[in-house]
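All remarks here apply to the structure that follows.
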Amino acid sequence: MKDVVKEKFSQHFSQAPEIVAYAPGRVNLIGEHTDYNNGFVFPCAIQFGTYIAARKRTDKTINVYAGNINDQHMTWSLDQPLEASDDAVWSNYCKGICKELLESGHELVGMDLFIIGNLPSGAGLSSSASLCVAFALVCNTLNQLGLDAIQMAQVAQKSENDFVGCNCGIMDQIASAAGIAGKALLLDCESLSYRPVGIPDDLDVLIIDSCVKRELTGSEYNDRRADCERAAGLLGLPSLRQADISHLDALEKSGDELAYMRARHVITENERTQSAAKALESSDAAQLSALMNESHQSMKNDFQITIPEIDFLVESVAQHLNNDGGVRMTGGGFGGCVVALTPKAKSQAIMQAVAEAYAKEYGKECKQYLVGASAGAHILESTLP
Ligand code: GLA
């Protein structure tokens, strides 16, 4: 990918790039819809992501090509008000980064860029966060802004929240910006501090894409977030992070059934996520298996974000795992992927059995990826002094 992005840059701009930046996608092992409730999540970066070749310009123009969209070309000026585009939605993520940086007082020069990625889009593996973090890293590097990984993640999140209009939390951006090879990050979304936890050598991280596309800007995600905020409000708390099981009674009595169910998911998921990190640390596969299963059931019944294809995949994997690992839906929901921690000796057999069962049940294929926990965003190459 690195050579491809360099070559494409040179074709379009007739000179070599100054830098090649990379930011990965992520998979979340457990802790779903907890990030925007200031809770705990447990993601790791994966070895697929977004590559950007870039070079400074002497004016204020941004000139950018999207390799995944037939080299679609977009251009805008940093001197003009930045407006979202309907024809090139991908460019809005980049414009949003420029806007956030300018509004927080940073000076930016114009840039030529070529972007290409190898994450499946709409699969729930954070292709948009990876694009935003890669773009933020390019801006940070070419303009010597001095932002650290967490600050870049925050700019990336703001672009999605304020410019693109998706009310996502901070998990995907931090996993992409701060990922560590071989580790998952137990991230506290209130303090933004995290504890790296090693993934044992005998476990694979298996991602199975149902190939049912999900659209995060769709209303369900924002609806769930609103339900949670309402639940916290009913309790008189700033967020559900401050709630525990003892608060559920009051919510049940409030008569707001949805607020009660959503809160029950978030409160129990925060507990499970912290316990799962401990279980992984002590290689307690049976405990991990139970926690991931409970998480899935909670997403299915209380948060109501799974679909039949996803439930089917989870059950198929669970049948073959025999509690030697864990499996659950991962990401925002309504399609997308399942994540499993599988013993290395069983992974191939599970992949084959699940592919066959899915094809038989739904007459379509699922896609499977064996991934490793990978390093977060970094500069792959630079000719800068
Ligand atoms: C999406 C969002 C994240 C998080 C997950 C659900 O990936 O971008 O912020 O809320 O859904 O856990």
Side-chain angles (χ1 to χ4, degrees), residues 26 28 30-41 43 84 89 92-93 96 100 122 124 126 128-129 132 153-154 156-175 187-192 212-273 295-307 310 328-336:
R26 65 93 188 92
N28 188 23
I30 190 165
E32 224 64 76
H33 287 263
T34 43
D35 60 352
Y36 56 78
N37 290 298
N38 288 347
F40 291 91
V41 292
V89 172
N92 294 337
Y93 294 92
E100 291 300 335
S126 296
S128 52
C132 287
Q154 286 172 317
Q157 183 201 19
K158 272 180 151 269
S159 165
E160 290 208 45
N161 287 175
D162 300 347
F163 199 78
V164 179
C166 169
N167 251 335
C168 62
I170 189 88
M171 162 170 75
D172 306 347
Q173 295 79 4
I174 292 195
L187 169 67
D188 177 341
C189 297
E190 190 162 58
S191 65
L192 300 189
V212 179
K213 289 230 175 193
R214 58 179 259 296
E215 207 35 88
L216 206 57
T217 41
S219 64
E220 282 97 348
Y221 184 90
N222 291 346
D223 286 350
R224 292 302 181 282
R225 186 166 180 158
D227 291 343
C228 293
E229 284 165 4
R230 210 171 59 250
L234 284 167
L235 294 171
L237 298 173
S239 76
L240 286 178
R241 170 61 181 271
Q242 284 76 35
D244 60 37
I245 297 286
S246 69
H247 289 99
L248 285 175
D249 248 8
L251 279 179
E252 195 173 14
K253 288 190 187 118
S254 77
D256 188 334
E257 171 92 18
L258 282 186
Y260 169 62
M261 287 160 65
R262 308 307 188 226
R264 186 164 60 185
H265 166 74
V266 172
I267 291 168
T268 55
E269 186 80 347
N270 275 333
E271 289 293 322
R272 283 188 289 272
T273 303
S295 168
H296 187 79
Q297 298 311 320
S298 179
M299 289 189 286
K300 181 178 171 189
N301 301 320
D302 276 349
F303 224 67
Q304 300 178 300
I305 52 174
T306 73
I307 58 165
I310 288 284
R328 58 184 283 284
M329 187 200 84
T330 183
F334 308 100

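Computed from a predicted model, the values in this text were never measured in an experiment.
When every heavy atom of Ile310 is checked against every heavy atom of Gly336, the shortest pair comes out as CD1-O, 3.4 Å. Across Asn222 and Gly165, no two heavy atoms sit closer than the pair ND2-O, 4.0 Å. Among all heavy-atom pairs drawn from Met171 and Leu187, the shortest one is CA-CD2, 4.3 Å. Arg328 and Gly31 get closest at one heavy-atom pair: NH2-N, 4.0 Å. Shortest non-hydrogen contact noted between Glu160 and Ser128 is OE2-OG, 3.5 Å. Of all heavy-atom pairs spanning Thr34 and Glu269, the tightest one is CG2-CG, 3.7 Å.
The side-chain contact (heavy atoms from CB on, under 4.5 Å) check on Glu252 picks up Asp249, Tyr260, with sequence neighbours excluded. Shown here are the side-chain hydrogen bond (donor to acceptor under 3.5 Å, both in side chains) partners of Asn161, two or more places apart in sequence or in another chain: there are none. The side-chain contact (heavy atoms from CB on, under 4.5 Å) check on Ala175 picks up Arg26, Pro43, with sequence neighbours excluded. Every residue two or more places apart in sequence or in another chain that forms a side-chain hydrogen bond (donor to acceptor under 3.5 Å, both in side chains) with Arg230 is listed here: Asp227, Asp256. Listed by chain and residue number, Ile150, Gln151, Ile170, Leu192 satisfy the side-chain contact (heavy atoms from CB on, under 4.5 Å) test with Gln154 (two or more places apart in sequence, or in another chain). Residues satisfying the side-chain hydrogen bond (donor to acceptor under 3.5 Å, both in side chains) test with Gln297, not counting sequence neighbours, are Asn293.
With salt bridges taken as basic N to acidic carboxylate O contacts below 4.0 Å, none links Glu220 and Arg224.
The NE2 atom of His247 sits 10.0 Å away from atom CG of Leu240, with the distance rounded to the nearest 0.5 Å. Note that the NZ atom of Lys158 and the SG atom of Cys132 stand 13.5 Å from one another [nearest 0.5 Å]. Distance CD/Glu100 to CG/Asp162: 5.0 Å, rounded to 0.5 Å. Summarising the geometry, atom CD1 belonging to Ile30 is positioned 9.5 Å from atom OG belonging to Ser298; distances are rounded to the nearest 0.5 Å. Taking CG from Asn38 and SG from Cys228, the interatomic distance works out to 11.5 Å, rounded to the nearest 0.5 Å. The distance from atom CE of Met329 to atom CZ of Phe334, rounded to the nearest 0.5 Å, is 8.0 Å.
Each of Val266, Asn270, Ile267 was compared with Asn37 under the side-chain contact (heavy atoms from CB on, under 4.5 Å) criterion, and only Val266 meets it.
Ring orientation note: the planes of Tyr221 and His33 are tilted relative to one another, at an angle of 30° to 60°.
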Exercise. Hey, mind stepping through Asp223 and Arg262 against salt bridge (Lys or Arg N to Asp or Glu O under 4.0 Å) and telling me if it holds?
Worked result: CA-CA 11 Å; Asp223 286 350; Arg262 308 307 188 226; over 6 Å; no
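Counting only N and O atoms by type, the side chains of Thr268 and Arg272 include a donor and acceptor under 3.5 Å apart.
Proximity of Arg241 to Cys189: side-chain heavy atoms (C-beta onward) are nowhere separated by under 4.5 Å.
With Asp302 contributing its side chain and Arg264 its backbone, the two residues share no donor-acceptor pair below 3.5 Å. Here the side chain of Glu32 pairs a donor or acceptor atom with the backbone of Gly331 at under 3.5 angstrom.
By the neighbour-count criterion of 12 heavy atoms within 6.0 Å, atom CD of Glu271 is sparsely surrounded, having that number or fewer from other residues, nucleotides or ligands.
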